[in-house]
Amino acid sequence: MNDFGIDFEGELNPAQFSAVTAPYNRPALVLAGAGSGKTRTLTYRVAWFLAECSFAPREILLLTFTNKAAREMLDRIFSLTGFSPEAFWGGTFHSVGNRFLRREGRAIGVEPDFTILDSDDSEAFLKRCVEEEYPNFFSVKDNPRVKLLRDIISYARNTCKSVPQTMAECFSWLETPAEQIADIAKFYDFDKRRKNYCDFDDLLELWKRLLEEDDAVRARYAGRFGNILVDEYQDTNSLQCRILDLLADRGDLTAVGDDAQCIYSWRGAQIDNILHFKDRYPAAAVFKIERNYRSTPQILDFANAVLSGMSTDDEYKKSLVAARGGTSKPLVIRAMDASSQGRQVADCVLDAVSSGKYRYSDIAILYRSHFQAMDLQLQMQYKNIPFVMTSGMKFFEQAHIKDVAAMIRFAANPRDFMSFWRLLKYLPKVGEKTANKIFSAALERSQKRRISVFEALSDKPVVAKVPVGARESFGELVSDVSALREMFERSTASGGGSGADSESGENSGNGEGGENSAGVFQADLFYAGRAASPNADSTAASRISAGGDEKGEGPGSESDGDSPVRDSESASGADSVVSDNPLPKDFVKAACSGWYSSVMKTQYADWQERVDDFDALYEYAGRYADIGDFLDNIALETDARPESEADAKVSKVRLMTVHQAKGLEFPIVFIVGAADGLFPTKRSIEEGDVEEERRLFYVAATRAMDYLVISYPRVGASGGNFEMRPPSRFLESVDSSLYDCAF
DNA sequence: CGCCCCCTGATTTTT
DNA sequence: TCAGGGGGCG
Ligand SMILES: Nc1ncnc2c1ncn2[C@@H]1O[C@H](COP(=O)(O)OP(=O)(O)OP(=O)(O)O)[C@@H](O)[C@H]1O
């Protein structure tokens with residue numbers, strides 16, 4: 001028996017057991033259908049490495065694409081081994097890429113204190129880039145709008161293809177010359193570097209570049225990881241696949257996935273990555289699990305039937321057999337319209353709970369697209385059913401939250417011009433153009449007089465650019481961000497470093513290389529300070545090293561230590577630190593009051609509710625000890641709403657998209673909106689390819705353990721008018737003997 | 001140039 | 001239903 005009290009052989013079936021115990025230095029591919037215990041295999045393999053191969057948690061790299069799947073994976077490892085998520089190098093590709101770049105980015109000229117742009121930020125930034133480079137671009141009506149432009153560029157980057165190639169393959173209907181869009185992409189990229197921004201794609205692309213261009217760094221990390229485990233491997237894109245190949249060049253890779261569950265090809269996921277795994281890793285051992293432990297045989301038969309129309313690569317065709325029993329078939333409900341559907345689903349939920357066998361939290365309601373959740377939400381509220389909805393507007397993407405974050409971000413990185421620009425636009429009579437002028441003036445003064453941007457903002461020539469009626473408000477804004485800046489300087493000073501970019505403002509491309517390198521150096525200091533902050537000591541990393549086996553570190557690993565986290569998850573230790581070292585929550589408090597609180601009252605009729613969000617934000621900030629970590633997580637952690645500790649305990653029905661449900665399981669699952677035009681979507685039908693939709697439907701059905709209920713509205717409101725909708729073709733393709741009808 | 005009003009048309013999925 | 005574009009006024 002081992003440290004964890006796990007009976008590996010007893011708790012796993014033979015196929016799982018051989019995958020778990022396969023040599024760590026040989027590539028392993030676990031390819032199996034839904035609910036067959038792939039994630040279980042992955043988590044046990046981690047436990048095996050810890051128990052039998054004397055790996056330390058920080059020698060294990062765990063990756064997956066979505067936040068939810070990452071959390072599921074890490075939580076399950078925690079319950080199995082007792083090692084908390086921070087002990088490992090683990091999380092989404094983006095969050096781990098972020099960690100790599102913060103540590104090692106300098107090697108490829110990325111300053112470690114960069115600001116992460118979320119999708120809204122990058123869209124706004126791209127728009128500005130276009131307007132600078134091609135002022136009339138958006139006046140040409142055939143040209144793509146910013147959103148599409150961003151999608152094209154992003155898709156190209158995620159598939160490692162050139163913009164013209166992407167245009168030709170996927171956007172050939174666009175009139176705009178591909179070279180022009182390629183040029184915009186280039187300019188966007190250049191300007192991001194200049195402002196020290198990383199968008200989501202940079203977190204992968206620059207990570208890849210780092211590994212490609214600095215072989216010493218690559219080799220150091222490749223050597224550090226005893227094994228790299230990837231869940232949901234079928235949804236990796238070219239960029240992620242390349243990163244893995246670079247890091248796992250010694251074959252220490254465990255890939256886990258199911259080609260029938262590939263649902264992210266629209267953002268570049270390559271199903272071939274998993275199908276041709278053996279071509280790239282000829283030494284790979286492939287493990288297949290044919291047994292499904294999650295669902296009743298009836299649910300499984302239904303799910304298999306959904307898939308039967310699909311053409312799969314023969315080699316990887318899987319036949320799942322249920323390991324458990326069950327009696328009831330999936331139930332199909334037909335409703336008049338969306339609101340009647342909501343009512344019926346809500347009634348079913350109440351029935352299930354009043355039976356006493358299930359809690360609200362055992363139930364998930366899944367849908368193809370977020371707008372379908374609206375009617376459900378209403379009915380749930382009406383019937384007083386506790387629920388949590390994780391689709392739609394993300395908490396941190398709401399304007400008022402981003403405004404507050406913008407104030408803190410600007411204080412932390414004065415080159416983050418977009419953040420301050422965003423705030424300036426709230427001043428009366430100040431729009432995009434005036435905001436530009438104000439900020440340019442501030443930059444100019446700061447450079448000319450060698451003062452900080454913050455001081456420059458109070459300089460007369462700068463104030464002169466502010467419309468008279470906005471000056472009072474402007475003054476309050478400046479005083480608030482200056483106060484935040486002062487807090488930021490205190491927080492980094494007490495951490496042992498100094499502000500990275502306190503004085504320089506923007507390097508305005510006029511060839512002052514000297515200033516640039518000074519900035520890099522300072523950033524280095526700053527970053528080391530963060531990593532070594534006293535709070536970091538009380539983190540999981542040290543808790544782990546007390547319990548786990550501490551391994552000696554190679555030379556040079558002191559400053560770039562191999563411990564996966566630098567942050568403190570819980571600020572419980574930080575709480576006791578006196579206000580001398582301002583904490584993230586103090587920043588939040590400061591930013592939410594003062595200037596912004598009055599702006600919000602004039603800006604939003606529902607400001608009262610938004611104030612409640614500030615309380616939630618404050619509580620969330622309390623979990624962090626480092627302001628940089630806090631800001632990173634705001635951008636990367638796109639959860640619907642950070643739940644308070646007490647709130648998380650309340651049993652609630654979960655409303656979410658099928659995409660979000662991937663990798664999860666629930667005793668009772670509802671799939672709503674199973675009508676042609678909704679699921680599969682109208683778009684996919686028109687484009688003539690519904691295979692990914694089919695896989696998505698399969699993912700949805702296989703989330704269910706005990707009961708699966710599928711419903712569809714017969715009429716749907718599309719725009720102003722109503723449309724009759726036939727049941728989903730996926731439902732129709734299933735033999736009616738495999739389900740019951742409630743009508 | 002900011003701001004307001006009217007009209008249109010469209011609704012996928014994530015980091 | 002409402003976000004976003006276009007047009008016109010101050
Ligand atoms: N050998 C086993 N014995 C008992 N239960 C098992 C076994 N293997 C898997 N299970 C259970 O089956 C369920 C599904 O497992 P898991 O989530 O790991 O599957 P998966 O293949 O990752 O599914 P998906 O493809 O849907 O993500 C879990 O509740 C798991 O505990």
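So that the names make sense, note that chain A is the first sequence line, chain B the second, and so on, each numbered from 1. Scope of the values below: all heavy atoms of this structure, side chains included, with no hydrogens, waters or symmetry mates.
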Gap between atoms CZ and P, on A:Phe371 and B:dA10 respectively (whole Å): 14 Å
How close or far is atom P of B:dT13 from atom CG of A:Leu655, stated in whole angstroms? 14 Å
Regarding A:Glu692, tell me which of base, sugar-phosphate or nothing describes its non-hydrogen contacts under 4.0 Å with the strands shown. nothing
In whole angstroms, the gap separating C1' of B:dT14 from CG of A:Asp201 amounts to 11 Å
Taking only side-chain N and O atoms of A:Asn67, does any of them lie within less than 4.0 angstrom of OP1 or OP2 on B:dT15? yes
Quickly work out the A:Leu101 CG to B:dT15 P distance and round it to whole Å. 19 Å
Check this for me, if you would: do A:Arg695 and A:Glu691 make a salt bridge, where the nitrogen-to-carboxylate-oxygen distance has to be below 4.0 angstrom? no
Sequence neighbours left out, what pairs pass salt bridge (Lys or Arg N to Asp or Glu O under 4.0 Å) with at least one residue falling in residues 132-146 of chain A? A:Arg128-A:Glu132
Does a nitrogen or oxygen in the side chain of A:Gln660 sit under 4.0 Å from OP1 or OP2 of B:dT13? no
Nearest-angstrom distance from the residue atom CE of A:Met374 to P of C:dT1: 13 Å
Distances for protein N/O vs nucleotides 3-10 of chain C N/O pairs under 3.5 angstrom?
none

Sequence-distant partners of A:His400, ring-ring contact (aromatic ring centres under 6.0 Å, His included), two or more places apart: A:Phe614
State which residues pass salt bridge (charged side-chain N to carboxylate O under 4.0 Å, His left out) with A:Arg209; sequence neighbours excluded, sorted by chain then number. none
Please list, chain by chain and in numerical order, all residues satisfying side-chain hydrogen bond (donor to acceptor under 3.5 Å, both in side chains) with A:Glu123, sequence neighbours excluded. A:Lys147, A:Arg150
Partner set under ring-ring contact (aromatic ring centres under 6.0 Å, His included) for A:Phe137, not counting sequence neighbours: none
Round to a whole Å and report the spacing from CD of A:Glu723 to P of B:dA10. 13 Å
Polar atom pairs (N or O), protein with nucleotides 2-5 of chain B, under 3.5 Å:
unit_1: B:dG2; atom_1: OP1; unit_2: A:Gly431; atom_2: N; d: 2.9
unit_1: B:dG2; atom_1: OP1; unit_2: A:Gly431; atom_2: O; d: 3.3
unit_1: B:dG2; atom_1: OP1; unit_2: A:Lys433; atom_2: N; d: 3.3
unit_1: B:dG2; atom_1: OP1; unit_2: A:Thr434; atom_2: N; d: 2.8
unit_1: B:dG2; atom_1: OP1; unit_2: A:Thr434; atom_2: OG1; d: 2.7
unit_1: B:dG2; atom_1: O5'; unit_2: A:Gly431; atom_2: N; d: 3.4
unit_1: B:dC3; atom_1: OP1; unit_2: A:Lys429; atom_2: N; d: 2.6

Does B:dT13 have A:Trp266 stacked on its base, where the ring centres are within less than 5.5 Å and the planes differ by under 30°? yes
Which residue, A:Phe200 or A:Ser369, contacts DNA chain B at a nucleotide closer to its 5' end, judged by nearest heavy atom? A:Ser369
Which is true for A:Tyr264 with a 4.0 Å heavy-atom rule: it touches a base, it touches only sugar-phosphate, or it touches nothing? sugar-phosphate
At under 4.0 Å, does any side-chain N or O of A:Thr657 touch on OP1 or OP2 of B:dT14? yes
With side chain to side chain contact (heavy atoms under 4.5 Å, CB included) as the test, would you mind laying out the steps for A:Phe679 and A:Tyr712 before giving the verdict? CA-CA 10 Å; A:Phe679 198 178; A:Tyr712 64 92; over 6 Å; no
Please give the distance between the C1' atoms of C:dG4 and B:dT13 as a whole number of Å. 22 Å
Taking the six-membered ring of A:Phe666, is the NZ or CZ of A:Arg654 close enough (under 6.0 Å from the centre) and on axis enough (within 45°)? no
Quick one: A:His370 NE2 to B:dT14 P, roughly how many Å, whole number? 10 Å
Using whole Å, report how far CG of A:Asp120 lies from C1' of B:dT14. 13 Å
Suppose we screen for salt bridge (charged side-chain N to carboxylate O under 4.0 Å, His left out). Which residues come up paired with A:Lys402, at least two apart in sequence or across chains? A:Asp118, A:Asp121
For A:Asn143, check side-chain hydrogen bond (donor to acceptor under 3.5 Å, both in side chains) against everything at least two apart and list the hits. A:Thr176
